[in-house]
Amino acid sequence: MKNIRNFCIIAHIDHGKSTLADRLLEYTQTVAEREMQHQLLDNMDLERERGITIKSHAIQMNFPYKGEEYVLNLIDTPGHVDFSYEVSRSIAACEGALLIVDSSQGIEAQTISNLYLAIGNDLEIIPVLNKIDLPHAMPEEVSDQIIELIGCEREDIIHASGKAGIGIEEILNAICDRIPAPKGDPEAPLQALIFDSVFNSYRGIEVYFRIFNGTLKKGEKVKFINTGKTYEADEIGVLKLNQESRQVMGAGNVGYLISGIKNAKEVKVGDTITHVDKPGIGIQGFEDVKPMVFAGIYPVETSEYEELRSSMEKLQLNDASLVWEPETSAALGFGFRCGFLGMLHMEIVQERLEREFDMTVITTVPSVQFHAYTTKEAMVKVNAPSEMPEPNYIDHIEEPFIKAQIISKSEFVGPIITLCMDKRGILKNQTYLTSDRVEMTFEMPLAEIVFDFFDKLKTISRGYASLDYELIGFRPSNMVKLDIMLNGEKVDALSAIVHRDKAYDWGKRLCEKLRELLPRQMFEIAIQAAIGQKIISRETVKAMRKNVLAKCYGGDISRKRKLLEKQKKGKKRMRQVGNVEIPQEAFLAVLKLD
Ligand code: GDP
Ligand code: MG
């Protein structure tokens, strides 16, 4: 146990975690050269395509140092603001962290938020100044920022480049030298923390754990403390590039367990594994996730509802931050109301459902959670516009507020403040980190920032601003429900809850946007926006000229085929509501109004 090191890599997105992880795996010959693939840990297709890390991944390396063999367990973490929940889970399984900072960018918002998580968990921090191969690297300036932030010595900071392979051995040495060996008693009752799990259709559910105390042997009877369920440890082992089974694993180790679990509900990340005989007590797990955005997910084919449910259960196993419950919509039928960490998370869930489970789904207009105080009953939590009580009974409505931390070059301070004020934000604090870097703190309604605020911020700062935020509570706000009607019929899945000051403008622009997005039909479609009984805007989608296809007869076969194919593709994410077809984009139109 004295030669085990459990560590994670934390950094702001794009500062080079995955690339550096590749170099560590190469250097320790964890992967043979012929197996080496770019960004090895990002083994979800989606991660490779988007070039971001979504899931945390664990992998074990062996490294000889000062004449002894070390076992290094690396847990990679995602950097996007939506996925800080994954980060906190990885951190709980480690004793140390590499803090990677891009030497051409400097410290960013997630560098700081992840660092605080790590410090809060008493991790030893090894600062790494990355990408020093870049001609515009600013090693001195960024080192100053790091020293200021964590109070380390200048010589503690390792200069590295994942791309050019600089500083790799020094990092591995520092991991052995500076990160403490795991504590824990192999003789004590078993306590293994579940930090992740994944569904494997051949082997059932794989559970990833970190043993804090005790020893686990293959074949033993184990119990998951929170669920109370018992299993046999059919297979245990360590996570190399592939799984390597073991007979015995002791305190300090990170590994996997397979015990024929088929039901996703039985595995809870944060749960503790112990023995049925001589049980230990549960480890303090993770905080419950707080979903920020809610939206409905509906199957495009209503007959696929049950299949969608089982797909969601399996996905949830691998994504503990996804929460959902059944919901019915007058327009869309049976589906699920889901809570997401942010818009990127929502997109990823939709894409994973389609890719990994072959489902075609529609996500409805996203919303934050509002609290409606009524004159009739207690407070109602409103996760969907359709759950909003009748206006006559509403006493007042509260909406979630956040504290946003924005770090940027000083030249962008003006535009950033303007943007935040436009989003109903209040500037609370402004500090200069260095002469050229400013940290601003705002209090803002969550609803104004979860949707597209981050993109806007990037645009006005030419990519030089970063954002991190946390919920600070609910505050009274003048919100109203904006309904959309198609040919006189209210489509509940298109409703939104908006601030009264913005409602008229939104209604107008939403109708215009929908006019662009709704495909023409054989008849006219009237689009109306309403608040309560009052119509505030109207647009019309003209009827299609009947012979769009007929025109292609008599010759141009390829054009006709193209048209049909286009139609077929369009079908994919389209739902029939009454006699109107609504494409996926229409449900997200409300997000793209300005
Ligand atoms: P992550 O989001 O932190 O996992 O970052 P990645 O490892 O995916 O790297 C983000 C981008 O920076 C990619 O385009 C990499 O090729 C590039 N990159 C990573 N490390 C280095 C480095 O040391 N030097 C240079 N010049 N580019 C790097
Ligand atoms: Mg990555």
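Start at 1 and go down the list; that is how both ligands and their atoms are numbered.
- Of all the heavy atoms of K17, the ones lying under 4.0 Å from any atom of ligand 1 are found in both the backbone and the side chain.
- Using a 3.5 Å distance cut-off with no hydrogens or angles, the side chains of T363 and Q584 do pair a donor with an acceptor.
- Using a 4.0 Å cut-off to heavy atoms of G16, the atoms of ligand 1 that qualify are 1 (P), 3 (O), 5 (O), 6 (P), 7 (O), 9 (O), 19 (C).
- Of all the atoms in ligand 1, the ones that sit under 4.0 Å from a non-hydrogen atom of S161 are 22 (C), 23 (O), 24 (N).
- For the pair R437 and E439, the salt-bridge criterion is not met [side-chain N within less than 4.0 Å of a carboxylate O].
- A salt bridge links R210 with E95; the closest basic N to acidic carboxylate O contact falls under 4.0 Å.
- Counting heavy atoms closer than 4.0 Å to ligand 1, residue I100 contributes nothing at all.
- Among D14, D102, D22, N130, the residue whose heavy atom lies nearest to atom 10 (C) of ligand 1 is D14.
- Q243 and E206 are linked by a side-chain donor-acceptor pair at a separation below 3.5 angstrom, with hydrogens and angles left out of the test.
- Residue T19 touches ligand 1 through backbone and side chain together, judged by heavy-atom distances below 4.0 Å.
- The shortest N or O to N or O distance between I13 and ligand 1 is not under 3.5 Å.
- With distances taken over non-hydrogen atoms, the option nearest atom 22 (C) of ligand 1 out of K163, H12, R23 is K163.
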Subject >> Check against side-chain contact (heavy atoms from CB on, under 4.5 Å), N130 and H15 >> reply: CA-CA 7 Å; N130 197 27; H15 281 201; 5.8 Å; no

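- Taking a cutoff of 4.0 Å between a charged side-chain nitrogen and a carboxylate oxygen, E68 and K2 qualify as a salt bridge.
- Applying the salt bridge (Lys or Arg N to Asp or Glu O under 4.0 Å) test to residues at least two apart or on different chains, the pairs with a partner in residues 145-157 are E140-R154, D144-R154.
- For ligand 1, none of its N or O atoms has an N or O atom of L134 under 3.5 Å away.
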